[in-house]
4 protein chains.
Amino acid sequence: MTLPARSLRSDAARNRELLLAAAEEEFSKRGMDASIADVARRAGVAKGTVFRHFATKEELVAVVVGGHFVSLSAVAGKLLESADPTGALLEFLTVAAKQLQHQDLVFLQAVTEGDPTVTECRNQLHAGTNALVDRAQEAGGIRSDVTGPDILLILCALVHTVGLQTEQSPDSLQRHLIILFDGLRPQGASPLPGPVPERL
Amino acid sequence: MTLPARSLRSDAARNRELLLAAAEEEFSKRGMDASIADVARRAGVAKGTVFRHFATKEELVAVVVGGHFVSLSAVAGKLLESADPTGALLEFLTVAAKQLQHQDLVFLQAVTEGDPTVTECRNQLHAGTNALVDRAQEAGGIRSDVTGPDILLILCALVHTVGLQTEQSPDSLQRHLIILFDGLRPQGASPLPGPVPERL
Amino acid sequence: MTLPARSLRSDAARNRELLLAAAEEEFSKRGMDASIADVARRAGVAKGTVFRHFATKEELVAVVVGGHFVSLSAVAGKLLESADPTGALLEFLTVAAKQLQHQDLVFLQAVTEGDPTVTECRNQLHAGTNALVDRAQEAGGIRSDVTGPDILLILCALVHTVGLQTEQSPDSLQRHLIILFDGLRPQGASPLPGPVPERL
Amino acid sequence: MTLPARSLRSDAARNRELLLAAAEEEFSKRGMDASIADVARRAGVAKGTVFRHFATKEELVAVVVGGHFVSLSAVAGKLLESADPTGALLEFLTVAAKQLQHQDLVFLQAVTEGDPTVTECRNQLHAGTNALVDRAQEAGGIRSDVTGPDILLILCALVHTVGLQTEQSPDSLQRHLIILFDGLRPQGASPLPGPVPERL
DNA sequence: GATGAATGAGGGTTCATTCAT
DNA sequence: TATGAATGAACCCTCATTCAT
């Protein structure tokens, strides 16, 4: 009796993972326009199964978005142990940018508004980034008047917008990141690499 | 009394304006999820009337987005005559940010991709911003390795992302604009005003 | 006062003709799926003008269909004076077939059901074809057990159905007309021309 | 009692049948003007269910039309084994006429143009009728210059037209079939039964 | 009489969600 | 638990018809 129950459970767990992965993929490609049917298809399960795991589409989005916050928090947590506070912050921004670029879910935030789980995850992330920022500021690495959320917000904006470009070179993101870095430093500017973009 | 003589046409013209205003409002609030029915309702006309003025939803979006580009171009054009090149660029960014903040349609760009009219409007805007940037660069006001589209892109991203925040202080946008400005200057940083944001 | 009135009248009359011609064209091409807008456009007038001349779409159809009946009646009337009764009937069928093939409106009949004007026109046509058939039967040219409407009906059916074929040779209609003729003669059969059709 | 075991699938199957029957009915009455909503209503299901079974209206039409071709093919196939080739052909025409009369879908052919499944079904039907015709020709039962498609086309035309008549006697179809038969025979004609039709 | 703007019902189609199996 | 069939609301768009000018 317990064994089949366990096997069912693990099947369910596996389906949940498949669904989350599929949802991430679909939502990052088509936003809320991604259909539950598409998610189910990509996960290789039936539509009904999606609703067994997530009561509504919004809940699924919330879990996906929350997961991203958690994963970014983990990065921040690890870098908090670095010996170079300023380097750690820049490293965080670079890593976070790459992750966000791979799967841009920022614009789904609005949908998760008010979800307590997502809020919790986001608060955790903010705590992490604030700590990173504090350390860098203490070390004199960045201007003293910005906060973790400030930086995070700008980062998301940059990533998202780069994604909107039709002709984006591999350096597009890097260009904008450097502008951000320079804006964060107490002093001067660095050279930008790569070809210049021609269109908005 | 003489004016009402041609009121039929002017009624149609009025409806067109009402529709564009309604569309701007709806699209800026709900993006492409805004329904034609909502636009019609807000404009106070029947659904069919929308299609009399704009053959498809995409066309309506294109006209609205194109209009924004034109209006931004006008701002750029006026500032091109300023005696202070660097100040003109910063002024442009500030004004543009406010306009975009009021009605953020940037994220509808993807939908208008390939529309020749929108493309034309966008090119004009790019020309204007490039000119502003060139002048500021010649005056040594901003780093020499960025382009008009670079800056515009970042600006749009900031506005859009700030708009996603639920609890945004009036200074939110300004804070981030200043970081952007500082990232653009060849040298140091400026103080950030206002309360610090708490959430992403 | 009378002159401008007259000129208006003749303009109206001209528009009526233009509309009927346009309607014939459109309806024969697309049946009831032809839109009033298309008819108006082809006639070079505004949509509203169509409704000034014909109260409803159905009325327009009725007038067009009635006109066809009248025109076929005229052909029958002329051939009634022929010295060769059997030849006259066959000639009628051939001419009628060509006219119908050019503009097939038979399938719009259902729409005109109950319209007294169309009924009148149709009755006149039936009188004409009955007379043609009677004469041919008296002359021993065709079997004595068919009627004018029988023949007309079959003719219309053939034309319409041939019109549905995608790959119709110019001889398609002729092939089938000859089979019909042979079915009408008291005796034997005639050779069929042209390539054989491959599809239904 | 053992059968209901697989009732889920059979419910779906049942709905499919209901839908096809409803579609046949509606399409044969109103052609492509029949609405999906009407079909759904007649089948007793929701509109969405129609699209679960048939992706588009065109697909539904294609399936219905294809089904008719298949069913006619079956009749032809069975009669191919008859000992009396000429009788078999006439029997086929009679049976086919009755089936077509019950549900006239000929005029929907245009819509299915290019659909590979329908094409396949139609080709099969043509093969069957050609075989029937060949045998009848070898037996000297019908003229040697007609083909299966020829006959099929005339048959469809006759049936369709009889359907257009407002006051059709039960003999209407028979009258026209006999004319067709006589047109197919190498020699003379047969008497027509029933009252003569009065209207086109 | 002519125009063309406005209306609104209706059509095909999609999709989140429910539920019987 | 998983499935996928069914639902029905919502969407974009078309078109006959009305009516102010």
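Per chain, numbering begins at 1; letters A, B, ... match sequence-line order.
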field: Closest to the C/Phe51 side chain, choosing from F/dA16, F/dG8, E/dT17
entry: F/dA16
- prompt: Given E/dG11, E/dT17, F/dT17, which nucleotide is nearest the side-chain atoms of D/Lys57?
  reply: E/dG11
query: Considering only E/dT3, F/dT1, F/dC11, which nucleotide approaches the side chain of C/Thr49 most closely?
result: E/dT3
- prompt: Do A/Arg41 and A/Asp38 sit within salt-bridge range, that is, some charged N less than 4.0 Å from a carboxylate O?
  reply: yes
statement: Whole-Å distance, A/Leu19 CG to F/dA2 C1', equals 11 Å
task: Please state whether the base of E/dT13 and the side chain of D/Lys47 form at least one donor-acceptor pair under 3.5 Å?
output: yes
query: Any side-chain heavy atom of B/Glu59 sitting closer than 4.5 Å to one from B/His53?
result: no
- line: Of E/dG4, F/dC13, F/dT3, the nucleotide closest to the side chain of C/Ala46 is E/dG4
field: Between E/dA16 (C1') and A/Arg52 (CZ): distance, integer Å
entry: 17 Å
- prompt: For DNA chain E, whose closest nucleotide is more 5', that of A/Met32 or that of D/Asp33?
  reply: D/Asp33
field: Side-chain touch A/Leu20/A/Leu60, heavy atoms, less than 4.5 angstrom
entry: yes
- prompt: Any sub-3.5 Å donor-acceptor pair from B/Lys57's side-chain atoms to B/Met32's backbone N or O?
  reply: yes
- prompt: Relative to the 5' end of DNA chain E, which residue comes earlier, A/Ala55 or B/His53, by the nucleotide with the nearest heavy atom?
  reply: B/His53
- prompt: Between E/dT17, F/dC13, E/dA5, which nucleotide gets closest to the side-chain atoms of B/Glu58?
  reply: F/dC13
query: If you count the non-hydrogen atoms of other residues, nucleotides and ligands that lie under 6.0 Å from CZ in B/Arg14, is the total more than 12?
result: no
- prompt: Could you walk me through whether D/Arg16 and D/Phe54 pass the side-chain contact (heavy atoms from CB on, under 4.5 Å) check?
  reply: CA-CA 9 Å; D/Arg16 193 173 202 275; D/Phe54 308 97; 3.6 Å; yes
query: Can you list the stems that DNA chain E is part of, where a stem is at least 3 pairs in a row, each Watson-Crick or G-U, with both distances below 3.5 Å?
result: E:2-21 with F:2-21
